[in-house]
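Notes to accompany the following structure.
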Amino acid sequence: MFPQVLAAIDGLFSCHGNFTGEEIPEKELDIILESAVRAATASGQQSYSVIVLDDKGVMKELTGYAGSRALVFCADGSRLNGAARRLGFGTGEKAGMESFVTWSIDTLLAAQNACLAARALGIDSLFTNGINRMGLDKAWRLLKLPQKDCFPLITLILGYATEKPERKRGRLTGAGVVHRGQYQLQDQKALDRMIADYDDEGLNLGMNRTFEAKGDAHYLEWFFRDWLGGFPDNTDNALTDRLKRSGFMN
Ligand SMILES: Cc1cc2nc3c(=O)[nH]c(=O)nc-3n(C[C@H](O)[C@H](O)[C@H](O)COP(=O)(O)O)c2cc1C
């Protein structure tokens with residue numbers, strides 16, 4: 001039994017950029033990276049690469065955030081495909097949607113292991129997809145990523161938070177999230193309950209209470225109109241374009 005693991009999971013929270021200048025000891029970074037690669041991996045392929053950044057300027061330019069270190073987790077079949085070519089197997093495993101999904105699963109399991117190991121060591125973290133917002137081309141330029149078979153999925157910023165959130169962010173649990181035996185479609189009543197749950201300050205599910213000041217009846221009204229509506233339209237195009245150039249999409 002490892003009750004400490006459950007305590008670490010329970011202690012997870014995101015530090016939204018307010019990291020102190022304190023540096024993570026190199027030894028602890030090694031433990032985090034070793035923990036990352038212990039995650040399950042399809043066919044033992046470890047179809048990912050982790051780029052460790054210690055340059056705060058690069059972190060900021062790349063993601064909009066900076067901590068002591070940033071780990072850029074890339075879905076990556078290029079390493080193994082290099083071995084395939086070396087052994088005379090042509091291009092190796094073809095990149096495509098199937099490999100993108102499988103390699104991404106490998107990558108995200110490793111990333112969450114890293115986050116959890118950091119928590120166990122008392123190191124705070126933030127997962128961010130800021131790379132998508134800051135411009136994917138920049139990632140290829142700054143990180144010298146392989147043009148094919150590689151995609152930066154998520155960045156984990158590591159460091160020490162100046163302060164912890166007063167309250168942990170809540171989560172939906174139970175029916176609607178967990179389905180026993182078969183998928184249960186949510187009826188109107190269940191959807192209304194969920195909308196009300198997001199409004200419930202006690203549950204702390206939403207990102208903020210802006211909707212109240214805006215005069216919205218529901219948090220999810222603010223979420224769909226102001227939050228999701230506030231993202232530029234072209235990020236989806238840029239992502240699709242990069243997935244095509246990396247060989248994952250036609
Ligand atoms: C894919 C992904 C991207 C995220 N990107 C950001 C981000 O760019 N900025 C940020 O402040 N938080 C980001 N987060 C953190 C979420 O906002 C956070 O996990 C959520 O609000 C729940 O809070 P908690 O992690 O403290 O429980 C991201 C989380 C995930 C999983």
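Keep in mind that what you see is a predicted model, and the values were worked out from it rather than measured. Along the sequence shown, residues are numbered consecutively beginning with 1.
- Going from atom CZ of Phe223 over to atom OG1 of Thr210 covers 12.5 Å, rounded to the nearest 0.5 Å.
- A side-chain donor-acceptor contact under 3.5 Å links Trp140 to the backbone of Pro146.
- Two residues are said to be in side-chain contact when any heavy atoms from C-beta on lie closer than 4.5 Å; Leu29 and Leu71 meet this criterion.
- Between Phe248 and Trp103, the gap from one ring centroid to the other is short of 6.0 Å.
- In this model, no donor atom of one side chain and acceptor atom of the other lie less than 3.5 Å apart for Ser78 and Asp149.
- Using a 4.5 Å cut-off on side-chain heavy atoms (C-beta onward), Ile24 and Tyr160 make contact.
- In this structure a side-chain-to-backbone donor-acceptor pair under 3.5 Å is missing from Asp216 to His218.
- With values rounded to the nearest 0.5 angstrom, Leu142 atom CG is found 10.0 Å from Met134 atom CE.
- Nearest approach of Ala42 to Thr102, heavy atoms of both residues: CB-CG2, 3.5 Å.
- Contact detail for Gly96 and Ser99: the closest heavy-atom pair is N-OG, 2.8 Å.
- Asn204 places a side-chain N or O within donor-acceptor distance of the main-chain N or O of Lys168, the cut-off being under 3.5 Å.
- Counting only distance, with no hydrogens or angles, the side chain of Arg141 and the backbone of Leu136 share no donor-acceptor pair below 3.5 Å.
- Residues Val72 and Val50 form no side-chain contact, since every pair of their non-hydrogen atoms from C-beta on lies 4.5 Å or further apart.
- Side-chain polar atoms of Arg133 and Asn129 form a donor-acceptor pair below 3.5 angstrom.
- For the atom pair CE (Met59) and CD1 (Ile157), the distance works out to 6.5 Å, reported to the nearest 0.5 Å.
- Annotation: the span from Phe13 atom CZ to Arg167 atom CZ amounts to 15.5 Å, rounded to 0.5 Å.
- Using a 3.5 Å distance cut-off with no hydrogens or angles, the side chains of Asn18 and Thr162 do pair a donor with an acceptor.
- Between Arg245 and Asp241 there is a salt bridge, since at least one side-chain N of the basic residue sits less than 4.0 Å from a carboxylate O of the acidic one.
- Residues Ser68 and Glu23 bring a donor and an acceptor atom of their side chains to less than 3.5 Å of each other.
- Contact annotation: the side chain of Glu93 never approaches that of Leu80 to less than 4.5 Å [non-hydrogen atoms, C-beta and beyond].
- Atom OG of Ser104 and atom CG of Leu153 lie 4.0 Å apart (nearest 0.5 Å).
- Neither side chain, Tyr219 nor Glu221, offers a donor N or O lying under 3.5 Å from an acceptor on the other.
- Of the possible polar contacts, none joining the Asp54 side chain to the Arg69 backbone as a donor-acceptor pair under 3.5 Å is found.
- The shortest heavy-atom contact between Tyr48 and Arg79 is O-NH1, 3.0 Å.
- In plain terms, the two heavy atoms of Cys150 and Asp76 that are nearest each other are CB-OD1, 3.6 Å.
- No hydrogens or angles considered: nothing links the side chains of Ser125 and Arg119 as a donor-acceptor pair under 3.5 Å.
- Residue Pro152 is tested with Ile131, Thr107, Thr63 for a side chain to side chain contact (heavy atoms under 4.5 Å, CB included); the sole match is Ile131.
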